[in-house]
Amino acid sequence: MDWCHYRFRSRWDLDAPPAAVFAVLADGADYPGWWPQVREVRRIDERSGAARFRSLVPYDLWVIVSEARQDPADNVLEIGFSGDLEGWARWTVLPHGNGTRALFEQEVVARKPLLRRLALPGRPVFRANHALMMRSGLRGLRAHLATKPARPSGPASPPYGGNAV
């Protein structure tokens, strides 16, 4: 088993229409405004950017994020990572009751030397750190969506210059 390989899956249920959720998730530059652990996002070009993440564990992760898929018809956003993490992440935005279910899937390999050295003993801590980051992101997105005006439901139009982080 590669102790540096991680798979994560989260489900976020939100009281907002899928189009509104998709639009916010597709705008990677805005993530630091609602997700506290996404500390910095810098655009590189139309399809990529640099991002810095930090949760409770005292280390920063730097990644280059590249748009792999932005499909408003299927409500799927997918990005590739390189840098301290290598791999991919995907949001799938689905209608759920009167709101939305956003499914987050991620598969990465830790490349940062400290994470690699501490892979075996630190794995439970790293997984818990990720879970805390995701819970905080859900709270932040709920609060952010509550301040946005309601948009009609249905497929989202592609946001201009968006990079899903």
Side-chain angles (χ1 to χ4, degrees), residues 1-16 18 21-45 47-71 74-94 96 99-145 162-165:
M1 174 174 188
D2 180 357
W3 293 103
C4 296
H5 182 258
Y6 294 88
R7 287 185 184 159
F8 299 106
R9 185 175 168 89
S10 296
R11 183 184 75 208
W12 293 4
D13 291 332
L14 302 151
D15 293 328
V21 173
F22 185 91
V24 172
L25 292 175
D27 185 4
D30 198 32
Y31 276 45
W34 58 266
W35 197 335
Q37 292 79 15
V38 180
R39 302 296 175 96
E40 183 179 345
V41 174
R42 286 182 282 122
R43 178 175 300 287
I44 295 172
D45 58 35
R47 298 180 57 92
S48 64
R52 180 172 61 95
F53 306 92
R54 184 180 185 137
S55 192
L56 292 179
V57 176
Y59 60 81
D60 288 345
L61 292 175
W62 283 94
V63 294
I64 300 298
V65 179
S66 301
E67 182 182 309
R69 181 177 178 200
Q70 188 173 102
D71 187 343
D74 286 339
N75 283 333
V76 174
L77 299 160
E78 189 170 325
I79 56 172
F81 290 117
S82 61
D84 289 341
L85 300 174
E86 261 182 41
W88 58 270
R90 176 175 44 240
W91 288 106
T92 305
V93 179
L94 305 166
H96 181 70
T100 300
R101 176 164 285 166
L103 299 174
F104 176 82
E105 299 168 280
Q106 182 179 35
E107 188 168 336
V108 293
V109 174
R111 296 292 182 213
K112 186 168 185 149
L114 178 62
L115 294 179
R116 293 186 72 76
R117 280 194 299 278
L118 298 174
L120 185 56
R123 189 172 181 85
V125 174
F126 300 153
R127 292 189 70 76
N129 191 61
H130 186 273
L132 289 170
M133 179 177 171
M134 295 305 290
R135 280 197 294 274
S136 181
L138 173 57
R139 282 192 306 272
L141 182 55
R142 282 180 173 152
H144 182 72
L145 288 165
N163 286 320
V165 172

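In this text, all values refer to a predicted model and were calculated from it rather than measured experimentally.
At a threshold of 4.5 Å between non-hydrogen side-chain atoms, the residues Y59 and L115 count as touching. Considering only heavy atoms from C-beta on, V76 stays 4.5 Å or farther from W91 through its side chain. Side chains of P18 and V21 form no contact here, defined as non-hydrogen atoms less than 4.5 Å apart.
Taking N129 as the reference, S55 meet the side chain to side chain donor-acceptor pair (under 3.5 Å) condition, with sequence neighbours excluded. The side chain to side chain donor-acceptor pair (under 3.5 Å) test applied to R69 returns D71, D74, not counting sequence neighbours. Checked against side-chain contact (heavy atoms from CB on, under 4.5 Å), L141 has the following partners two or more places apart in sequence or in another chain: W12, L14, V24, L25, W34, L145. Looking at residues two or more places apart in sequence or on another chain, you find a side-chain contact (heavy atoms from CB on, under 4.5 Å) between R101 and R11, D13, H96, L103. Partners of S136 by side chain to side chain donor-acceptor pair (under 3.5 Å), not counting sequence neighbours, listed by chain and number: Q37. For E107, the side-chain contact (heavy atoms from CB on, under 4.5 Å) partners two or more places apart in sequence, or in a different chain, are H5, R7, W88. Listed by chain and residue number, W3, C4 satisfy the side-chain contact (heavy atoms from CB on, under 4.5 Å) test with A119 (two or more places apart in sequence, or in another chain). Applying the salt bridge (Lys or Arg N to Asp or Glu O under 4.0 Å) criterion to R52, with sequence neighbours excluded, gives E40, D60.
Counting all heavy atoms, side chain and backbone alike, L85 lies closest to A110 at CD2-CA, 4.0 Å. Here the shortest heavy-atom pairing between A29 and V41 reads CA-CG1, 4.0 Å.
Judged by distance alone, with hydrogens and angles left aside, the side-chain atoms of T100 form a donor-acceptor pair with the main-chain N or O of A16 at under 3.5 Å. Between the D84 side chain and the W62 main chain, a donor and an acceptor come within less than 3.5 Å of each other. Counting only distance, with no hydrogens or angles, the side chain of R39 and the backbone of P32 share no donor-acceptor pair below 3.5 Å.
Each salt bridge (charged side-chain N to carboxylate O under 4.0 Å, His left out) pair with one or both residues in residues 118-135, not counting sequence neighbours, would appear here, but there are none.
Between the CZ atom of F104 and the CZ atom of R90 there is a distance of 10.5 Å, given to the nearest 0.5 Å. With values rounded to the nearest 0.5 angstrom, M134 atom CE is found 9.5 Å from F8 atom CZ. For the atom pair F53 CZ and H130 NE2, the distance stands at 9.0 Å (nearest 0.5 Å). Atom CD of E67 is separated from atom CD1 of I79 by 9.5 Å, given to the nearest 0.5 angstrom.
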Worksheet item: Under the side-chain contact (heavy atoms from CB on, under 4.5 Å) criterion, do Q70 and L77 qualify, and how do the steps go?
Response: CA-CA 5 Å; Q70 188 173 102; L77 299 160; 3.5 Å; yes
Discussion item. Applying side-chain contact (heavy atoms from CB on, under 4.5 Å) to V109 and R116, what does each step give before you reach the verdict?
Written reply: CA-CA 9 Å; V109 174; R116 293 186 72 76; 3.9 Å; yes
Worksheet item: H144 and W35: side-chain contact (heavy atoms from CB on, under 4.5 Å), yes or no, with the steps?
Response: CA-CA 9 Å; H144 182 72; W35 197 335; over 6 Å; no
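Ring orientation note: the planes of Y6 and F126 are nearly perpendicular, at an angle over 60° on the 30°/60° scale.
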